[in-house]
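Everything on this sheet refers to the single structure shown next.
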Amino acid sequence: MSGRFIVFEGVEGSGKTTQVQRLQTWLLQNQPLLPSQTNSEFQIVVTREPGGTDVGQEIRQLLLHSEQEPIADRAELLLYAADRAQHVEAFLKPRLTKGHWVLCDRYTDSTIAYQGYGRGLDHTLIDQLNQIATGGLQSDLTLWLDLEVETGLARTQRRGASDRMEKAELAFHQRVQQGFVKLAEQHPQRIVRIDASGTEEQVAERIQTVVKQRFSIAS
Ligand code: T5A
């Protein structure tokens, strides 16, 4: 696929949504310098998981805001996988095939970190499900926004009511963080650690430095 696929990962409140928007703005400002923008329909688009499609929006609602009954861990895993399968087919592949750049808030590593390390589900099963859901589509670059769990949760709490995942115990979020540490060790080429402490501007500059280098953007 001729586009570029950049994923943002990290614990709750690590600043992914903020930085996805900032990177989109920066890339739009630097669009003439981007290596793959060859036609007038070229786009830099933003998306997220769960919830990057209409079907995904309904799955997101179930996953984050359903209060009918507790969701079993394996059901949770399958719902994230279903959201991803739809997202890959209906959103990601068509855009990447057309050469667009896609910035995505969370992808496969979140499932390994949250359902694998956090919930304790079998990692081989998760790898198989990720493979089925993505058909093998991997990011060109994953930016792991590394922030202390407590700092991220404090940010989300300041923002207002917590969702079902944010309400999980602190130990769960710490296991998720350990998951991201392990993943970055296992995939040093694909996953780049970004120090997510400091101001929004400082974090954005760190990200721009990595993106410039990775995609040979000579600004
Ligand atoms: N999940 C997801 C799984 O369990 N398995 C999976 O496979 C997948 C795909 C998604 C949930 O689903 C789980 C993970 C999540 O629990 P979500 O609402 O999309 O839910 O949750 P998050 O991705 O965690 O989004 P958040 O909005 O909670 O966090 P972000 O996007 O990391 O942070 P952001 O940018 O919204 O910032 C949070 C607050 O901090 C401020 C912002 O203004 C905002 O108020 N902020 C800063 N403050 C100070 N300094 C900075 N540098 C700041 N940057 C941002």
Side-chain angles (χ1 to χ4, degrees), residues 7-25 46-53 56-57 59-66 71-88 91-92 103-121 123 125-127 129-134 137 139 142-170 172-177 179-180 183 194-207:
V7 170
F8 288 67
E9 294 281 10
V11 294
E12 311 291 319
S14 52
K16 298 176 308 302
T17 311
T18 306
Q19 295 300 331
V20 164
Q21 300 293 345
R22 280 180 167 266
L23 184 62
Q24 184 190 34
T25 304
V46 161
T47 186
R48 67 175 176 180
E49 289 193 2
T53 62
Q57 275 291 102
I59 297 174
R60 180 183 174 91
Q61 184 64 22
L62 264 177
L63 278 165
L64 301 185
H65 303 293
S66 172
I71 299 179
D73 290 350
R74 277 177 301 156
E76 179 183 277
L77 170 65
L78 291 167
L79 285 167
Y80 280 112
D83 168 76
R84 180 161 306 129
Q86 182 69 13
H87 193 213
V88 168
F91 190 97
L92 296 176
L103 313 184
C104 185
D105 195 337
R106 297 193 182 280
Y107 193 55
T108 47
D109 293 319
S110 276
T111 317
I112 300 169
Y114 280 79
Q115 280 65 53
Y117 286 89
R119 300 285 190 223
L121 293 178
H123 288 214
L125 170 67
I126 294 173
D127 287 344
L129 273 175
N130 271 339
Q131 178 63 29
I132 292 167
T134 64
L137 177 68
S139 71
T142 295
L143 298 159
W144 165 41
L145 271 55
D146 183 13
L147 188 72
E148 269 190 4
V149 169
E150 291 86 347
T151 309
L153 286 173
R155 285 183 189 171
T156 62
Q157 280 155 11
R158 269 199 298 277
R159 194 174 49 188
S162 302
D163 65 37
R164 192 180 65 86
M165 301 298 283
E166 286 164 356
K167 281 181 196 153
E169 59 185 4
L170 181 62
F172 169 80
H173 293 289
Q174 281 163 340
R175 290 195 297 276
V176 170
Q177 175 73 326
F180 284 121
L183 280 161
I194 302 288
D195 176 1
S197 63
T199 65
E200 288 182 22
E201 290 75 16
Q202 286 170 329
V203 180
E205 277 174 26
R206 291 170 197 144
I207 289 172

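In what follows, residues are counted from 1 in the order of the sequence shown. Atoms within each ligand, like the ligands themselves, are counted from 1 in listed order.
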task = Between Gln202 and ligand 1, find which residue part has any heavy-atom pair under 4.0 Å and reply side chain, backbone, both or neither.
result =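 Under 4.0 Å from ligand 1, Gln202 contributes no heavy atoms.
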For [atom], what's the nearest protein heavy-atom neighbour? Residue, atom name and distance, please.
atom: atom 16 (O) of ligand 1; result: Glu12 OE2, 2.6 Å
atom: atom 10 (C) of ligand 1; result: Pro50 CD, 3.8 Å
atom: atom 20 (O) of ligand 1; result: Leu64 CD1, 3.5 Å
atom: atom 31 (O) of ligand 1; result: Thr17 OG1, 2.5 Å
atom: atom 43 (O) of ligand 1; result: Glu200 OE2, 4.0 Å
atom: atom 17 (P) of ligand 1; result: Arg60 NH2, 3.5 Å
atom: atom 7 (O) of ligand 1; result: Thr111 OG1, 2.6 Å

Distance-only, no hydrogens or angles: does the [X] side chain make a donor-acceptor pair with backbone N or O of [Y] under 3.5 Å?
X: Glu9; Y: Tyr107; result: yes
X: Arg206; Y: Asp195; result: yes
X: Asp73; Y: Gln115; result: no
X: Glu166; Y: Asp163; result: yes
X: Arg164; Y: Leu63; result: yes

Contact atoms of ligand 1, heavy-atom distance to [X] under 4.0 Å:
X: Thr199; result: 52 (N)
X: Thr156; result: 28 (O)
X: Thr18; result: 34 (P), 35 (O), 37 (O), 42 (C), 55 (C)
X: Glu49; result: 9 (C)
X: Glu166; result: 28 (O)
X: Gln115; result: 3 (C), 4 (O), 5 (N), 6 (C), 7 (O)
X: Arg159; result: 26 (P), 27 (O), 28 (O), 36 (O), 38 (C)
X: Met165; result: 4 (O), 16 (O)

key: Parallel, tilted or perpendicular: ring planes of Phe180 versus Trp144, cut at 30 and 60 degrees   =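 Parallel: the ring planes of Phe180 and Trp144 meet at under 30°.
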How close do [X] and [Y] get, counting heavy atoms only, and between which atoms?
X: Ser14; Y: Leu147; result: CA-CD2, 3.8 Å
X: Gln19; Y: Glu200; result: NE2-O, 3.1 Å
X: Phe91; Y: Val46; result: CZ-O, 4.3 Å
X: Ala81; Y: Leu129; result: CB-CD2, 4.4 Å

Is any N or O atom of [X], backbone or side chain, closer than 3.5 Å to an N or O atom of ligand 1?
X: Tyr107; answer: no
X: Gln19; answer: no
X: Gly13; answer: yes
X: Gly15; answer: yes

Heavy atoms only: which of [options] lies closest to [atom]?
atom: atom 12 (O) of ligand 1; options: Tyr80, Tyr114, Phe8; result: Tyr80
atom: atom 23 (O) of ligand 1; options: Lys167, Arg48, Arg106; result: Arg106
atom: atom 25 (O) of ligand 1; options: Lys16, Arg155, Arg158, His173; result: Lys16

task = Please say which of Arg175, Arg106, Glu76, His173 ends up in a side-chain hydrogen bond (donor to acceptor under 3.5 Å, both in side chains) with Tyr114.
result =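 Testing each of Arg175, Arg106, Glu76, His173 against Tyr114, the sole residue satisfying side-chain hydrogen bond (donor to acceptor under 3.5 Å, both in side chains) is Arg106.
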ask   = Rounded to the nearest 0.5 Å, how far apart are CD of Glu12 and CZ of Arg155?
value =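 Taking CD in Glu12 and CZ in Arg155, the distance rounds to 12.5 Å.
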query = Cationic tip of Arg119 within the cone over Phe172's six-membered ring, i.e. under 6.0 Å and within 45° of the normal?
reply =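 Judged by the rule (NZ or CZ under 6.0 Å from the ring centre, within 45° of its axis), Arg119 counts as positioned above Phe172.
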4.0 Å heavy-atom contact, Gly198 with ligand 1 =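 Per 4.0 Å heavy-atom rule, Gly198 contacts ligand 1.
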query = Charged N to carboxylate O under 4.0 angstrom, Glu201 versus Arg22?
reply =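 A salt bridge links Glu201 with Arg22.
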